[in-house]
Amino acid sequence: GGSHFFPPVSEPLVREECGSCHLAFAPSMLPAASWRKMMGELDRHFGEDATVDPEIARKITAWLVANAGDSGGSRYGAKLLRGVDAGAAPQRITGLPKWVREHREVPDWEWRHKEVRSKANCVACHADAERGYYED
């Protein structure tokens with residue numbers, strides 16, 4: 001997989017629910033505390049109401065936490081989570097120290113480009129992001 005590989009979401013329920021609005025991000029990209037917090041605040045998910053049925057939310061949370069970067073996905077997540085305090089619950093992958101370092105040379109205007117629009121739109125620059133590959 002290389003240093004820029006994060007196993008893509010393999011759980012159909014997560015792909016369906018999360019992927020209906022944005023790239024279903026690899027759970028190994030964030031620690032378990034982040035996924036717990038995010039799933040507990042779906043009514044205000046980055047300015048949107050992403051509320052789902054409580055049983056669906058429970059199943060998604062369990063899968064994300066089990067595969068988080070500091071649990072089941074630690075083989076892959078450790079590289080992205082370097083510099084994140086233990087117990088921290090960052091909500092944005094784009095705010096992680098390693099992510100910031102990796103993208104420091106991307107000019108501000110590029111983030112505002114009509115085909116990008118957001119730092120969270122990984123597939124705009126990483127064509128194979130949905131398959132887990134984030135090489136340029």
*Donor-acceptor contact present, side-chain Ser34 to main-chain Pro90, <3.5 Å*: yes
_As a quick check of understanding, evaluate side chain to side chain contact (heavy atoms under 4.5 Å, CB included) for Asn121 and Trp111, giving each step before the final call._
CA-CA 9 Å; Asn121 185 11; Trp111 297 119; over 6 Å; no
*Side chain of Arg131, backbone of Pro8: donor and acceptor closer than 3.5 Å?*
no
*Roughly how far, to the nearest 0.5 Å, is CG of Asp53 from CZ of Arg58?*
10.5 Å
_So which atom in Cys122 and which in Tyr134 form the shortest heavy-atom distance, rounded to 0.1 Å?_
CB-CE2, 3.8 Å
*With a 4.0 Å cut-off, would you call Lys98 and Glu102 a salt bridge?*
yes
*Quick one: OG1 on Thr94 to CE on Met29, what's the gap to the nearest 0.5 Å?*
11.0 Å
*Can you check whether Val65's main-chain N or O pairs, donor with acceptor, with Ser71's side chain at less than 3.5 Å?*
yes
*Parallel under 30°, tilted from 30 to 60°, perpendicular over 60°: which one fits the rings of His126 and His103?*
perpendicular
*Verify, without hydrogens or angle tests, whether Gln91 (side chain) and Ala89 (backbone) share a donor-acceptor contact under 3.5 angstrom.*
yes
*Neighbour count above 12 (heavy atom, 6.0 Å) for Arg15 CZ*: yes
*Just wondering, more than 12 heavy atoms not from Glu55 lying within 6.0 Å of its CD?*
yes
*Go through Trp99 and Leu80 one step at a time and tell me if the side chain to side chain contact (heavy atoms under 4.5 Å, CB included) criterion holds.*
CA-CA 7 Å; Trp99 189 98; Leu80 189 57; 4.3 Å; yes
_Rounded distance [0.5 Å steps], CG in Asn67 versus CZ in Phe6_ = 14.0 Å
*Spatial distance of atom NZ (Lys59) from atom CD (Glu17) [nearest 0.5 Å]*: 11.0 Å
_Within-4.5 Å side-chain heavy-atom neighbours: His45 and His22_ = yes
*Heavy-atom check, side chain of Ser74 versus side chain of Ser28, under 4.5 Å*: no
*Step by step, would you call Leu30 with Leu96 a side chain to side chain contact (heavy atoms under 4.5 Å, CB included)?*
CA-CA 9 Å; Leu30 288 173; Leu96 299 175; 4.2 Å; yes
*asked:* What's the separation between atom CD in Glu110 and atom NZ in Lys119, rounded to the nearest 0.5 Å?
replied: 12.0 Å
*Check the surroundings of atom CD in Glu11: do more than 12 heavy atoms from other residues, nucleotides or ligands lie under 6.0 Å from it?*
yes
_Donor-acceptor contact present, side-chain Asp43 to main-chain Asp49, <3.5 Å_ = no
*Is a donor on one side and an acceptor on the other found under 3.5 Å between the side chain of Arg104 and the backbone of Arg101?*
yes
*Test side chain to side chain contact (heavy atoms under 4.5 Å, CB included) on Phe25 and Cys18 and set out the steps.*
CA-CA 8 Å; Phe25 295 103; Cys18 303; over 6 Å; no
*Is a donor on one side and an acceptor on the other found under 3.5 Å between the side chain of Glu48 and the backbone of Ala50?*
no
_When you measure from the centre of the six-membered ring of Phe5, is the NZ or CZ of Lys79 closer than 6.0 Å and no more than 45° off the axis?_
no
*Could you tell me whether the side chain of Trp35 and the main chain of Ala68 form a donor-acceptor pair under 3.5 Å?*
no
*Measure from the side-chain N and O atoms of Arg117 to the backbone N and O of Lys114, and report whether any donor-acceptor pair falls under 3.5 Å.*
yes
*Could you tell me whether the side chain of Asp70 and the main chain of Ala32 form a donor-acceptor pair under 3.5 Å?*
yes
_Could you measure the distance from the CE atom of Met39 to the CD1 atom of Ile56? Nearest 0.5 Å is fine._
9.5 Å
